Amino acid sequence: MKPLWALLAMLSLPASAENQLNLTKGVTEVSNRVYDLHMTIFYICCAIGVVVFGLMFISMIRHRKSKNPKPANFHENVKVEIAWTIIPLLILVGMAIPATTTLIAMEDTSEADVTIQVTGSQWKWHYKYFENDVEFFSRLATQQEQINNKFTKSENYLLEVDRPLVIPTDRKVRFLVTSDDVIHSWWVPDFAVKKDANPGFINETWTKVDEPGIYRGQCAELCGKDHGFMPVVVIAKEPAEYEKWITEIEAKQEAARQREQELLSMEMSKEELMDLGEKVYNSTCAACHQPNGQGVNGVFPALAGSGVAVDPEAKSKHIDIVVNGVSGTAMQAFGQQLSMQELAAVITYERNAWGNETGDLIQAADINKVMNQ
């Protein structure tokens, strides 16, 4: 058992993200209003508790059996009944007014400067900027070795991504939140933003960040076995720096689309396809279907020596499954996640690795044909 001085020392430490007990104050006007409202209601509840328990203890002490063995005999007191009806009503009204104004402010997404669609899927986020032709996926960047306790865990363990969302400061940013598969929840505590991502529906929320910085959150809905591996990272940049970033990303993505169009008239060799396909498979598919293509019995089908990967008549179906996914299963649609070159390479690899040896070569033009059906 720890000595008393050690416990007191622990209580005196500043609250950290790991052991913080109070609500996050946040970095936006709305988050500060939410925090102030939370503290106001908390103090009101404390005051009510002090009054109620105080009256209880006073009553027990003053009317204890040893002091007054004969209890009073009365049935009703109109003044007391009016008081215990009016006072709580006034307290509730006093609490409802600031709560209502704060909720209205949180839901007011009008006059936004930037609109971003946030789409959740197992287990990553997709961001699409409406004012610019920019979109990308954001995935967990924590090394698997850290998760398996082989490497020392980093400072932002499970709260780091390969491509963070970038927004401008001093601008109202509206988020349109939805989902591709199951219910997720996009949550950034520093913004006081937590909005459910429901498949088939679009929920709106917004933020306006005053100071540049990196803000972290995660999916706050139990969305599947890898729910804990779906972080959110937002970088707020000064408006000029943000404009420079968005222009550069837009140019890069346009150049990538043009290169993909050029690939439609080109054919890669089997060696090139297999080399690229192996890399894509190991980074994207091996977690479910296993590095040896054996899958997981009863959960993820094997690709080695069975199924669409070896059926000579199922080449088009194989492409369709990888591009569009399989509804109602864990098989995701990779049509937007991978380039046509990567899709062609990974399907070629699956049809020729682990002894499958179908001899089929999939090219970018084959992928484009399925995508445009």
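Computed from a predicted model, the values in this text were never measured in an experiment.
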Walk me through it: do Phe137 and Gln336 pass the test side chain to side chain contact (heavy atoms under 4.5 Å, CB included)? CA-CA 9 Å; Phe137 283 89; Gln336 288 188 324; 4.0 Å; yes
Pair Leu176-Arg174, side chain to side chain contact (heavy atoms under 4.5 Å, CB included): steps then yes or no:
CA-CA 7 Å; Leu176 305 178; Arg174 179 176 64 149; 4.1 Å; yes
Next on the checklist: Walk me through whether Val234 and Val232 qualify under side chain to side chain contact (heavy atoms under 4.5 Å, CB included).
Outcome noted: CA-CA 7 Å; Val234 182; Val232 176; 4.0 Å; yes
query: Would His38 and Asn22 satisfy side-chain hydrogen bond (donor to acceptor under 3.5 Å, both in side chains), going step by step from the backbone distance to the final call?
result: CA-CA 10 Å; His38 160 74; Asn22 201 5; 2.9 Å; yes
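A side-chain donor-acceptor contact under 3.5 Å links Thr101 to the backbone of Pro98. Proximity of a side-chain donor or acceptor of Asn356 to a complementary backbone N or O of Gly305 within less than 3.5 Å is detected. Remark: side-chain polar atoms of Ser179 are paired, donor with acceptor, to backbone N or O of Asp181 under 3.5 angstrom. In this structure, Gln253 contributes its side chain and Glu135 its backbone to a donor-acceptor pair below 3.5 Å. Side-chain atoms of Thr178 come within 3.5 Å of backbone N or O of Phe201 as a donor-acceptor pair. Proximity of a side-chain donor or acceptor of Ser283 to a complementary backbone N or O of Val280 within less than 3.5 Å is detected. The closest donor-acceptor contact from the side chain of Asp226 to the backbone of Phe229 lies at 3.5 Å or more, if one exists at all. Judged by distance alone, the side chain of Asp180 and the main-chain N or O of Ser121 form no donor-acceptor pair under 3.5 Å. Using modelled atom types, one side-chain atom of Lys172 and one backbone atom of Ser110 make a donor-acceptor pair closer than 3.5 Å. With hydrogens and angles disregarded, a donor-acceptor distance shorter than 3.5 Å links the side chain of Glu131 to the backbone of Thr115.
The two residues Trp125 and Cys219 make their nearest non-hydrogen contact at CZ2-CB, 3.9 Å. When every heavy atom of Leu343 is checked against every heavy atom of Phe334, the shortest pair comes out as CD2-O, 3.7 Å. Considering all non-hydrogen atoms of both residues, Asp360 and Thr348 come closest at O-CG2, 3.7 Å. When all heavy atoms of Lys225 and Trp123 are compared, the closest pair comes out as N-CZ2, 3.7 Å. Residues Pro212 and Thr169 share a closest heavy-atom pair of N-CG2, 3.6 Å. In this structure, Ala364 and Ala344 approach most closely via the heavy-atom pair N-CB, 3.8 Å.
Taking 4.5 Å as the limit, some side-chain heavy atom of Glu250 sits within range of a side-chain heavy atom of Val134. A 4.5 Å side-chain heavy-atom check between Glu221 and Asp196 finds at least one atom pair inside the cut-off. Using a 4.5 Å heavy-atom threshold, the side chains of Pro168 and Asp113 count as separate. With contacts defined as side-chain heavy-atom distances shorter than 4.5 Å, the pair Pro164/Ile214 does not qualify. No side-chain heavy atom of Leu140 sits under 4.5 Å from any side-chain heavy atom of Met230. Looking at Val114 and Tyr242, their side chains come closer than 4.5 Å, going by heavy atoms from C-beta outward. The shortest distance between side-chain heavy atoms of Ile367 and Ile319 falls below 4.5 Å. Taking the side chain as every heavy atom from C-beta outward, Asp366 and Gln363 approach each other to under 4.5 Å.
Atom NZ of Lys153 has more than 12 neighbouring heavy atoms from other residues, nucleotides or ligands inside a 6.0 Å radius. Counting non-hydrogen atoms of neighbouring residues, nucleotides and ligands closer than 6.0 angstrom, the CD atom of Glu29 reaches no more than 12 such neighbours. The number of heavy atoms from other shown groups lying within 6.0 Å of CE (Met60) is above 12. Summarising the local packing, NZ of Lys270 is surrounded by more than 12 heavy atoms from other residues, nucleotides or ligands at distances under 6.0 Å. The 12-atom threshold is exceeded at CD of Glu81, counting heavy atoms of other residues, nucleotides or ligands nearer than 6.0 Å. Within 6.0 Å of CZ in Phe130 there are more than 12 heavy atoms belonging to other residues, nucleotides or ligands. Counted within 6.0 Å of CD on Glu211, heavy atoms from surrounding residues, nucleotides or ligands total 12 or fewer; the atom is thus considered open.
For the atom pair CG (Leu158) and CZ (Arg216), the distance works out to 11.5 Å, reported to the nearest 0.5 Å. Atom-to-atom distance recorded for Trp186:CH2 and Phe175:CZ is 4.0 Å, nearest 0.5 angstrom. Arg33 CZ to Leu103 CG: the interatomic distance, rounded to the nearest 0.5 Å, is 9.5 Å. Between the CE atom of Met331 and the SG atom of Cys288 there is a distance of 8.5 Å, given to the nearest 0.5 Å. Considering NE2 of His184 and CG of Leu222, their distance stands at 11.0 Å, rounded to 0.5 Å. Atoms CE and CG, on Met268 and Leu276 in that order, are 5.5 Å from each other to the nearest 0.5 Å.
Taking the six-membered ring where the residue is Trp, the centroids of Tyr349 and Trp354 are separated by under 6.0 Å.
No side-chain N or O of Ser154 forms a donor-acceptor pair with one of Asn156 less than 3.5 Å apart. Between His318 and Glu350, the side chains place a donor N or O and an acceptor N or O closer than 3.5 Å (distance only, hydrogens not considered).
Val34 and Ile104 are assigned to two separate hydrophobic clusters, defined by single-linkage of ILVMFWY side chains at heavy-atom distances under 4.5 Å. No continuous path of hydrophobic side-chain contacts links Ile91 to Tyr43 [ILVMFWY only; heavy atoms under 4.5 Å]. A continuous path of hydrophobic side-chain contacts links Met39 to Leu23 [ILVMFWY only; heavy atoms under 4.5 Å].
The aromatic rings of Tyr127 and Phe136 sit perpendicular to each other, their planes meeting at more than 60°, with 30° as the lower class boundary.
Using a cut-off of 4.0 Å between Lys/Arg side-chain N and Asp/Glu carboxylate O, Lys244 and Glu241 are scored as not salt-bridged. Between Arg257 and Asp133, at least one side-chain nitrogen of the basic residue sits less than 4.0 Å from a carboxylate oxygen of the acidic one, meeting the salt-bridge criterion.
With a 6.0 Å cutoff to the six-membered ring centre and a 45° limit on the axis angle, Lys195 does not count as a cation-pi contact of Trp206.
Under the side chain to side chain donor-acceptor pair (under 3.5 Å) test applied with Gln337, the options His126, Glu342, Arg139 reduce to a single match, Arg139.
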